[in-house]
Every structure is written in C-alpha cells, then in structure tokens.
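Have a look at the structure below before the remarks.
Just so it is clear: chains get the letters A, B, ... in the order the sequence lines come, proteins before strands, and each one is counted from 1. Scope of the values below: all heavy atoms of this structure, side chains included, with no hydrogens, waters or symmetry mates.
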There are 2 protein chains.
Amino acid sequence: MRSKEAATFTQAARREQMIQATIETVAEVGFHKASLARIAERMGIAKGGIIYHFSSRDELIRAALQEVFDRLTRHMLEQVERAVSLREAVWIYVVTLVGYLDAHRDEVRLISEGFAATQNAESAEEQVQTRWSGLADILDQAVAETGRPGVDTKVLAITVSGGIDALVGEALRDPGFDLRAAGERLAEMVDHLIEPEGEFPDE
Amino acid sequence: MRSKEAATFTQAARREQMIQATIETVAEVGFHKASLARIAERMGIAKGGIIYHFSSRDELIRAALQEVFDRLTRHMLEQVERAVSLREAVWIYVVTLVGYLDAHRDEVRLISEGFAATQNAESAEEQVQTRWSGLADILDQAVAETGRPGVDTKVLAITVSGGIDALVGEALRDPGFDLRAAGERLAEMVDHLIEPEGEFPDE
DNA sequence: GTCTATATTTCGATAGAC
DNA sequence: GTCTATCGAAATATAGAC
C-alpha cells in the first residue's frame, strides 16, 4: 500500500517531467521535429525510456497537449469569472488569452502545431470545438445582454480565436511586435462589435 | 531548337503534374505526412523520379507553394481591382479570399500548413509578410479614407487573415458549416470597424 | 519497475539502368 | 533525358538487461 502509493507518485512525477521535456522540445525545434530521440536526449536517457511511461509517441503528445490545455483552461476560468459584466467578460477573455500565450511561449507551438496535427488526424473533435466554443458562449450571452443581435457570435468566436493565433505567430516571428498591446487593440475591436452604442468600458 | 523547345515543354508539363500531385497529397494526408514516396505513388512512379525534376523535397514543396500562392494572388488582384472605393475593396478582399479557399479546398492545407512549416524553418519572410500585408495596405488606405484612425490596421489585418484560416479550418472539419456565409459575416464586421458611422455599403 | 540496446520501417537522396 | 533500384540516416517500437 505504502510502496504502491510511492511507486505511483514517482511514476506520475516522471511522466510530468517527460511532458515538460516534450513541451520544451516542441518549443525549441517545432512539433514534427520533436522526436522521441530529441526529447529523451533532453532528459539524458534513451528513447525507449519514454515509451515505457507512454506506450507511443502519439500518447506522449496527447498527454502533453492535455496538460497545456488544462493549464490554459484553468487560468482562463480564474480570470474570466472575475468579470462583473458579460461585456467585460469578453474583454477579459481576449486580453487574458493573449497575455497567457505571451507569458508562456514555450506552450504556444505545442498548442498551435499540436492541435493542427491532431485535429486533422483523428479524434480531438472535442478539443477543437472547445477551442472557440468557450468564447462563443460568452459572446452569445454578452450579445444578448448588450442587445446587438446582428453579430454572428460563432463566426466572431472562430475569427477571434484564429486571429489570436495569428497575432501570437507574428510575435514569435518578430520580437519587436508588442503582443499584449495587440491583444488590447483586438479586445477593443471585439468590444466595438458587440457594444450597444459607442462608449468603451472602464478599462 | 525545335526539339529543345519540345523537351522544355514536356518537362514543364511533368513538373506541373508533380506539383499538382503534391497539392492533392497534402490535401489528403497533411503537410508533414506528404512524403516523396506518397506523392510518387500517386503518380505511379518511384520517388527518385521526382528528385530528377526537383532536386530535393524542399524544392518541390517550394514550387508547389509558389504555384498555389501565384494562383491565389492572381485571383485576388483581379477581383480587388474591381472595387470602386477602398472601403469596398476591403469587403471584396475578405469575401473573395474566403470564396477562393472555399472553391479550392485542395490548396488550403498546403497554404496553411506549408506556410507555417516554411516560415518557422528558414527564409520565407517575404511570403509571411505578404500573407497579411496586402490586406494591411488596403486597410490603411481605407481607414484614411473613411476617417476612423482609431483602428490598428496591422492588428486588424493579422487578425482577419488568421481568422479566415480558422473559418476555413472549421469548414474542413464541419461539412455543414457555410463558409461563404461566414465570410460575408466577417466582411460585415470588418466593415463595421472601419466605417465612418453606421451605414453599410451597397452590398 | 525502469531503462538500454536492438529490430523494423520510412524518410530523403545518390547512383546506375534504360 | 527519365526513371528504378538502392543506400544511409533517422524515425518509432520491441525485446531484453539490470
């Protein structure tokens, strides 16, 4: 019992290390260049050692994706629930997401390239939906509140989500690009699209 | 002279066939799964046959990217120059781009995944810039014309470009998604962001 | 239980057949 | 001039060492 718990604990810790090594390797060399050999090399072991903990590379990638997705979701929920209005929730959503991606650039390539690779391949339809459906939900309520029903919230949610990816990609490419400022400009635009009239929120 | 021209012609035709096979293979299995073997198999030859016409896989990919990029650019220029105002040019740009991607879904994955792969790798800074800088130019002029200088045209151009990618991705995933309609909704939103007051264009 | 060493497949690219 | 047959590197996954 005691030893079993300890074994499970160390095993979980080892898996976590390997997931972290995967995130870092993908950030460094890109998704499809992040082979088991490179990830194992970063840990100072042979590639078979990873296969022991994860039965295949696909499963390792899936686990790493799940991890970064959970981290991001947790952070987003924490921040968005602080909003005092739905309109503000939209604003916070955009700024928080951009801010998170700006602060955790290691995870960015895994999120974008990894999602793209898995969504085209097999399952992951859940995650893909989830990608923008959270924003769509908030937008739906916010639009109902502000009373501008002319906006297609699904199209706006997809566009903003993809737009944020593109902004982050630009930031990775051009170190001089101010990503957080871009996020605020984008939030302003979205707000303008769903606002009742012409005024901006309290900032 | 005669025979040399003929040889050059058949060679160019063969290259065109191979580029087309590359586009189709990428559309089918994705960018990083589109190996020389798969592309050659589609043509009924061995992979070395491709290497004869293109000295490496990279060069084949580059040629295919150039081809789809040229096709797209040609079509965009033809349509956008029909606009009678800059504001309408923005509208046409968005609707035309979405419409083209809707009508040429084979080329979509090569455009998105291929661009992403090459831009992260090496040169191609030109193409990346070009991706949204065309829209940024039009937006700049349109905003100057309509007199709403509060909009950050660079951020808007990047966001809209990435947003269109995301809409196309959604359409590939969900066959029931009306991509052209989504493009028009997006065009409306962009127009609303750059419009002087509240009216819409003539449609 | 954990990892190293090895087997197998698949990649892009060279060399040679026709 | 055009392609097939083959090579060496690198990928993942298995089998065996400790």
Task: N/O (side chain, A:Arg14) to phosphate O (OP1/OP2, C:dC3) under 4.0 Å - done: yes

TODO: Output yes when at least one side-chain N/O atom of A:His53 is less than 4.0 Å from OP1 or OP2 of C:dG1, else no.
DONE: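 The answer is no; no side-chain N or O of A:His53 sits under 4.0 Å from OP1 or OP2.
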
Please report, rounded to the nearest Å, how far the [atom2] atom of [N] is from the [atom1] atom of [X].
| X | N | atom1 | atom2 | value |
| --- | --- | --- | --- | --- |
| A:Arg42 | C:dC3 | CZ | P | 18 Å |
| A:Asp58 | D:dT12 | CG | C1' | 10 Å |
| A:Leu60 | D:dA11 | CG | P | 14 Å |
| A:Ile51 | C:dG1 | CD1 | P | 18 Å |
| B:Glu41 | C:dC11 | CD | C1' | 15 Å |

Open item on the list: As a test of reading the structure: which of D:dT2, C:dA13, C:dG1 is closest to the side chain of A:Tyr52, going by heavy atoms?
Closed with: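 That would be C:dG1.
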
Task: Of the listed nucleotides C:dT14, D:dT2, D:dA13, the one nearest the side chain of B:Gln11 - done: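 Nearest listed nucleotide: D:dT2.
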
Task: DNA chain D-proximal residues of residues 18-39 of chain A, any heavy atom under 4.0 Å - done: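 Of all residues in residues 18-39 of chain A, the ones placing a heavy atom under 4.0 Å from DNA chain D are A:Ser35, A:Leu36.
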
Open item on the list: Can you list everything that forms a salt bridge (charged side-chain N to carboxylate O under 4.0 Å, His left out) with A:Arg185? Sequence neighbours excluded, please.
Closed with: A:Glu188

Could you list all N or O pairs between the protein and nucleotides 4-8 of chain D that sit under 3.5 Å apart?
residue, atom, partner, partner atom, Å
D:dT4, OP2, B:Ala46, N, 2.6

Task: Touch class at under 4.0 angstrom, heavy-atom based, for A:Ser56 against every strand present - done: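 Contact class for A:Ser56: sugar-phosphate only.
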
Task: Interatomic distance, B:Trp132 atom CH2 to A:Leu167 atom CG [nearest 0.5 angstrom] - done: 10.0 Å

Open item on the list: Working to the nearest 0.5 angstrom, can you tell me the gap between B:Met76 CE and B:Thr96 OG1?
Closed with: 5.5 Å

Task: Listed partners of B:Phe54 passing ring pair (Phe, Tyr, Trp, His ring centres under 6.0 Å), at least two apart - done: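 Not a single residue meets the ring pair (Phe, Tyr, Trp, His ring centres under 6.0 Å) criterion with B:Phe54.
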
TODO: Using the test ring pair (Phe, Tyr, Trp, His ring centres under 6.0 Å), find all partners of A:Tyr100 that sit at least two apart in sequence or belong to another chain.
DONE: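 Residues passing ring pair (Phe, Tyr, Trp, His ring centres under 6.0 Å) with A:Tyr100: A:His75, A:His104.
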
TODO: Taking all non-hydrogen atoms of both residues into account, name the closest pair between A:Val143 and A:Ile194 and its distance.
DONE: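 Shortest heavy-atom separation between A:Val143 and A:Ile194 comes out as CG2-CG2, 3.9 Å.
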
TODO: Return each pair, listed once, that meets salt bridge (charged side-chain N to carboxylate O under 4.0 Å, His left out) where at least one residue sits in residues 92-107 of chain B; pairs must be two or more places apart or across chains.
DONE: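 Qualifying pairs, neighbours excluded: B:Arg71-B:Glu107, B:Asp102-B:Arg105, B:Asp102-B:Arg180.
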
Task: Whether B:Phe69 and B:Phe115 hold their rings parallel, tilted or perpendicular, with breakpoints at 30° and 60° - done: perpendicular

- [ ] Decide whether A:Asp140 and A:Thr153 meet the rule of one side-chain donor and one side-chain acceptor closer than 3.5 Å.
- [x]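 A pair is found: one side chain offers a donor N or O, the other an acceptor, under 3.5 Å apart.
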
